[in-house]
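Beneath this line is the structure, given in structure tokens, with notes to follow.
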Amino acid sequence: MCYNFDYDLRCKSTVKKLFLYTLCCVLIFQLWYFNSGKNEIYYIPLQYVAIKLLLIFQKNKETVILPGSCAFEIAAFVKYFIMPVSFIFIDSYPIMIGSDPNEDSFSLAIFLTLYEMLLIYLCRYLYIRKHSSSIVSLNRNLSKDSKRIFIQNYSVWFLFLFCIFTLLLVISPKLVFPDFYLLNDKGENSSKMIPFFSIIGGWWKYLFYIVMINFLGYRYSAKHEKKYFCLVILLFLFSTYLILGTSRWAIIFHFVVTFYLFRIIFNRTLVKKLLFFVPLFVCLFFLITIYKFQNDLGSDYSLINFADLFVSQLQDYFSGPSLIGHAIDMGHKYNITFETCWNDFVGAIPVLSKTVDQMNRTNILFNQYVISPDTEWFTQIIPATGLGYIYFGSMFAPIFTVVFNILGLHFDYKLLNTSNLFVKYVLIYCSLWGGLSICFNTQIPFGNVVVYIFPLYLFYRLFSKLTIKLA
């Protein structure tokens with residue numbers, strides 16, 4: 001009789017998950033009992049735990065090997081569990097800017113959050129079930145032929161990158177090198193004076209990194225010398241330096257993409273050495289957050305004020321119910337038409353943005369509503385579910401979030417069907433933007449993919465054709 005160790009491990013894992021989620025339910029009910037004035041917010045974590053309990057027995061492996069799915073699960077855990085539970089420590093549902101939304105709108109926002117969560121998990125479950133045959137172990141279906149994994153025409157790429165680099169340096173060095181606004185989430189720098197060349201500078205940073213990883217990865221696969229691994233680490237650090245002037249989301253994406261690609265190129269022993277950088281960067285982000293909080297609070301710094309600010313930051317970064325409530329209130333105040341929706345998408349593309357009325361966009365109107373009608377500060381993000389409610393009503397409110405999320409899952413599955421490292425690089429970014437769409441409005445994932453990520457694939461196709469012609 002043969003003992004099934006895999007089955008035993010799966011059973012132990014299932015029991016641990018059941019215990020964990022049951023403990024979470026007990027915690028939520030305890031919080032509910034001792035905070036009778038905040039009852040409705042706990043529907044969110046309760047439904048989240050219930051969904052996770054139902055999914056325990058589904059043999060889905062996609063979250064283990066696919067970056068967009070991993071990003072979604074982390075964001076969902078924060079948005080649907082950590083954020084609502086954290087309200088126990090404060091007396092309101094604060095956001096960084098503006099006052100609390102209307103009470104009825106807040107209640108509706110909680111319902112829409114529950115509805116969004118349910119639809120997303122249902123659609124993901126149906127998609128995964130339909131495409132379950134595509135779920136394979138990492139790299140099992142990849143070609144081992146280095147000519148298919150790595151790009152080959154390095155001389156053409158190097159010449160192109162050198163010409164663009166020289167052009168950008170002549171125009172302004174700040175188009176390439178950071179202006180040291182690490183603590184500035186808006187990513188503002190002097191390159192905004194020349195937005196078209198700023199976009200080219202962004203393309204150059206993406207292309208430089210993936211081309212150099214291809215080159216060093218190709219050399220490592222041929223000789224298996226550790227010096228190439230060390231050079232890739234230096235490349236990673238240098239590339240991180242180049243994007244310091246953008247946003248913390250860009251840095252997080254950069255780390256995730258790098259780790260995924262390293263798992264493909266190098267052996268596990270070398271990749272495990274990268275885990276040294278994880279606590280280092282986690283500490284760095286915590287220090288940055290604390291520093292930002294101290295600047296925001298000033299002389300009012302205290303543990304209670306810190307908790308208020310922390311929860312408000314969670315709402316701002318993960319599209320909390322207060323922001324959705326404000327979006328509902330805004331929709332009742334302003335007459336928002338299809339033209340505004342058109343402006344949202346077209347206005348996210350720099351060249352075409354000049355053809356639309358930039359002041360007639362939902363994010364502009366949202367900030368004018370939340371802050372003041374004459375504000376020039378448009379950094380507060382309107383949640384995608386709030387946008388869906390404004391355009392389509394309660395029934396189709398989560399449409400943008402669900403569509404973007406499923407697109408991210410689709411790009412995750414595409415990763416399993418390509419061997420080329422360059423294409424994987426593009427697909428990972430697309431899957432991350434889709435997986436994290438529950439945190440953003442429609443403009444951020446759409447604009448970043450269309451403006452920065454999709455052109456990279458066009459460059460790849462162009463140079464692939466060029467190589468054939470030169471041959």
Side-chain angles (χ1 to χ4, degrees), residues 17-18 20-22 24-25 27-29 31-32 38-60 62-63 66 68-87 93 104-132 314-315 318-325 327-328 382-410 412 434-442 445:
K17 289 179 180 178
L18 279 171
L20 177 63
Y21 290 130
T22 303
C24 289
C25 285
L27 171 64
I28 294 168
F29 278 114
L31 295 175
W32 196 331
K38 301 178 180 180
N39 282 352
E40 57 186 1
I41 196 68
Y42 293 116
Y43 286 122
I44 298 175
L46 274 176
Q47 179 174 287
Y48 173 77
V49 172
I51 290 174
K52 299 302 288 184
L53 282 169
L54 289 174
L55 294 176
I56 279 180
F57 301 100
Q58 303 301 317
K59 299 177 181 180
N60 296 328
E62 85 289 351
T63 55
L66 301 176
S69 295
C70 290
F72 164 73
E73 290 296 345
I74 293 172
F77 177 68
V78 175
K79 179 175 181 177
Y80 301 134
F81 187 83
I82 296 295
M83 181 175 61
V85 170
S86 65
F87 286 129
Y93 311 112
D104 292 336
S105 298
F106 185 77
S107 297
L108 179 57
I110 291 176
F111 168 76
L112 293 180
T113 302
L114 294 168
Y115 186 35
E116 168 196 272
M117 185 201 320
L118 185 63
L119 281 183
I120 288 177
Y121 273 105
L122 177 62
C123 292
R124 289 180 68 88
Y125 170 76
L126 294 175
Y127 185 95
I128 292 168
R129 187 170 182 177
K130 181 179 179 181
H131 299 83
S132 58
L314 287 179
Q315 289 219 71
F318 292 90
S319 297
S322 291
L323 290 178
I324 298 176
I328 294 169
I382 181 172
T385 297
L387 276 175
Y389 174 83
I390 292 172
Y391 291 129
F392 308 111
S394 299
M395 181 173 291
F396 298 101
I399 186 170
F400 292 124
T401 317
V402 172
V403 169
F404 283 170
N405 200 277
I406 296 304
L407 283 174
L409 185 60
H410 177 71
D412 264 344
L436 292 173
S437 60
I438 61 174
C439 305
F440 303 121
N441 57 11
T442 56

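- Classified by interplanar angle (parallel below 30°, tilted 30° to 60°, perpendicular above 60°), the ring pair Y115/F111 is parallel.
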- Query: Does the pair F72 and I120 meet the rule for a side chain to side chain contact (heavy atoms under 4.5 Å, CB included), with working shown?
  - Reply: CA-CA 10 Å; F72 164 73; I120 288 177; 3.5 Å; yes

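- The distance from the CD atom of E116 to the CG atom of L118 is 11.0 Å, given to the nearest 0.5 Å.
- Considering CG of L436 and CD1 of I74, their distance stands at 8.5 Å, rounded to 0.5 Å.
- L108 places a side-chain heavy atom less than 4.5 Å from the side chain of Y389.
- Considering all non-hydrogen atoms of both residues, C439 and A75 come closest at SG-CB, 3.9 Å.
- To the nearest 0.5 angstrom, F81 atom CZ is 9.0 Å from L46 atom CG.
- Inter-residue side-chain proximity for F440 and S319 is flagged as unmet; no heavy-atom pair is nearer than 4.5 Å.
- Of the possible polar contacts, one joining the D412 side chain to the S69 backbone as a donor-acceptor pair under 3.5 Å is found.
- The side chain to side chain contact (heavy atoms under 4.5 Å, CB included) with P398 is formed by just one residue from the set N405, L119, V403; it is L119.
- Contact record, Q47 with L114: NE2-O, 2.7 Å, taken as the closest heavy-atom pair.
- When each of T113, T401, V402, T385 is paired with I438, the side chain to side chain contact (heavy atoms under 4.5 Å, CB included) condition holds for T401 and for no other.
- Aromatic pair F318/F77: centroids not less than 6.0 angstrom apart.
- Taking the side chain as every heavy atom from C-beta outward, I328 and D104 never approach each other to under 4.5 Å.
- Atom CD1 of I406 sits about 9.0 Å away from atom OG of S437, to the nearest 0.5 Å.
- Atoms NZ and CD, on K52 and E73 in that order, are 3.5 Å from each other to the nearest 0.5 Å.
- The NZ atom of K79 sits 12.5 Å away from atom OH of Y48, with the distance rounded to the nearest 0.5 Å.
- Between F400 and F392, the angle of the ring planes lies from 30° to 60°, which puts this pair in the tilted group.
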